[in-house]
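Order of listing sets the numbers, starting from 1, for every ligand and every atom in it.
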Amino acid sequence: MSKHASLPGFRDFHPEEMARRTQVMSAWREVARRYGFEEYDGPPLESLELYIEKSGPEIVNQLFNFTDKGGRDVALRPEMTPTLVRMLGTKIKGMPRPVRWYSTPQLFRYEKQQRGRLREHFQLNMDIIGEESVLSDADLLASALDVLRILGLTAADVVARVSDRRLLHAALVELGVTEESMAIAYNVIDKVERDPRELCLARLGEIGLDRDRAGKALSLTDMTLDQFAAAHPGNEVIAKVADDLRVYFAALASLGFGDWATFDMKIVRGLAYYTGIVFEIFDRKGELRAICGGGRYDRLFSALAGVDVPALGFGFGDVVLGELLKDRGLAATASRQLDAVVVAVDDSSREAALQTVARLRGAGRAVIFPYRTGAVGKALKAASSSGARDAIMIGPDEAARGVMKVKRLADGSERETTVEEYLAGTT
Ligand code: HAM
């Protein structure tokens, strides 16, 4: 090992890992294209202030921040949403809505390294700005799920768990939770699966809920949407949001993802800015951390940019997804695809061989040639292990006649052909 190891939580991408990164990146881009999103990017370093106010304590505690040589407090971006809101800012006023933007930034969080969580990751962000309709929420989740489908995963592998912060908010208000304590109550529900029940009850007790009401708050988390609505008769907010969610799930089903999503009140999301439908995607076996998370954040634009615009989006990381693809045998391994290795049999054939290389490359084929002429047997062996489809041999005789000998490496068959015929695929 070199004495300079990489930092904990930071990855080196050797060609095999890079192949997987490219596989994921290609699926992300393909989905963004199919769903009509435009690409954007911002700077990897932002002012610290941008995150302090809006991301909430969970991310702020994980910032890579420092004071730069000009005395500015800065941070490596831990998430993309504040940058997006800053960039669109007041500009959004003059733009045709909704705006659909995507980006694939590398993000940095000083987290404890564990399976699925590192200190840097790439994250697909897809956001829709300027749209209130619940159909946009459904379309957004469909796009996240389509990434998984394109990569070969199914509804048996993954599930999107969906809730709505307005439901939780209304129910907690009914139970007597004040606005000042709401963030703590959200945090208890967010961690209800991980923390022991007694701890959850105690934390709710600290914000003024007696045992009975604290127990009720926790029992909300196991309800279906219909049970939840029925448990709150006469609450207009809950009735309206429940109707929205029914439209949402019906639209998801029509878009082909009926089996992929389920209502789940335990989904709150750690970030402070969400205001409506929120979701997280998990592997069904529950072995890994969240694959993707997002939701509606209708007040972030007014808080950061002073314009009142509804918005929604998600972040979809490459780390957990990579683990899942490996577990399911779906991860790409080939780091390149070579069409041919062109071998000059002797020095006198070099010119013809290199011209052939140039013509094949000019026609878009991936082609290499050995830098040392002479040992043809060795060159053919190297061609085989390079993963190329064909070895093309050119000797003085072939060069004189303007042809080449093509060996299909998979079955060893050989044929003589011209470059034109080879490119046309007729031989
Ligand atoms: P987030 O839930 O913090 O949301 O992150 C979204 C996804 O990024 C996670 O589900 C996970 O796949 C990946 N991720 C997060 N932290 C790490 C880490 N330390 N290592 C590996 N992967 C990680 C957001 O970031 C929101 N800004 C998403 C959003 C966009 N909401 C609206 N628009």
Just heavy atoms, cut-off under 4.0 Å: does I281 contact ligand 1 by side chain, backbone, both, or neither? neither

Under 4.0 Å from a heavy atom of G293: which atoms of ligand 1 are those, numbered in the order shown and with their elements? 10 (O), 28 (C)

Cut-off 3.5 Å, side chains only: do D390 and Y422 have a donor facing an acceptor? yes

For A290, the ligand 1 atoms whose distance to one of its heavy atoms is below 4.0 Å: 10 (O), 11 (C), 12 (O)

Heavy-atom contacts with C292 under 4.0 Å: which atoms of ligand 1 show up? List them by number with element. 10 (O)

Heavy-atom side-chain proximity of L153 to L321 below 4.5 angstrom: yes

Classify the side-chain pair S133/S136 by whether it contains a donor and acceptor separated by less than 3.5 Å. no

Among R117, E280, Q113, E120, closest by any non-hydrogen atom to atom 9 (C) of ligand 1: R117

Considering heavy atoms of the protein only, find what lies nearest to atom 15 (C) of ligand 1 and give residue, atom and distance to 0.1 Å. R109 NH1, 3.4 Å

Can you tell me if A311 has a non-hydrogen atom under 4.0 Å from ligand 1? no

Atom 5 (O) of ligand 1: which protein heavy atom is closest, and how many Å away? Q123 NE2, 3.3 Å

Salt bridge D157-R328, side-chain N to carboxylate O under 4.0 Å: yes

Can you name the atoms of ligand 1, numbered from 1 with element, that are less than 4.0 Å from a heavy atom of D127? 30 (C), 32 (C), 33 (N)

Should one rank H121, M80, R77 by closest heavy-atom distance to atom 22 (N) of ligand 1, which comes out on top? H121

Charged N to carboxylate O below 4.0 Å: is that the case for R72 and D68? yes

Determine, using heavy atoms of R269 and all atoms of ligand 1, whether some pair is separated by less than 4.0 Å. yes

Residues D283, R289: salt bridge by 4.0 Å N-O rule: no

Go through the side-chain N and O atoms of D318 and Q123 and say whether any donor and acceptor fall under 3.5 Å apart. no

Between H121 (side chain) and R117 (backbone), is there a donor-acceptor pair under 3.5 Å? no

Need the ligand 1 atom indices (1-based, order shown) with element for anything under 4.0 Å from a heavy-atom of T81. 26 (C), 27 (N), 29 (C), 30 (C), 31 (N), 32 (C), 33 (N)

Using heavy-atom distances only, which candidate in Y110, Y274, F122 approaches atom 29 (C) of ligand 1 most closely? Y274

Taking E236 first and then K240, would you say they form a salt bridge - that is, a charged N and a carboxylate O separated by under 4.0 Å? no

Interatomic spacing from CD1 in I281 to CG in L141 - rounded to 0.5 Å: 5.5 Å

Within a distance under 4.0 Å of any heavy atom of V319, pick out the atoms of ligand 1 and give their elements. 21 (C)

Near I291, which atoms of ligand 1 are under 4.0 Å from a heavy atom of that residue? 10 (O), 12 (O)

For V320, state whether at least one heavy atom is located under 4.0 Å from any atom of ligand 1. no

Indicate the atoms forming the closest heavy-atom contact of F64 with R109, along with that distance. CE1-C, 3.6 Å

Quick test: of every protein heavy atom, which one is nearest to atom 27 (N) of ligand 1, and how far off is it to 0.1 Å? E79 OE1, 2.5 Å

Determine, considering heavy atoms only, which of L118, V278, N125 sits nearest to atom 20 (N) of ligand 1. L118

Which of the numbered atoms in ligand 1 are below 4.0 angstrom from a heavy atom of F314? 28 (C), 29 (C), 30 (C), 32 (C), 33 (N)

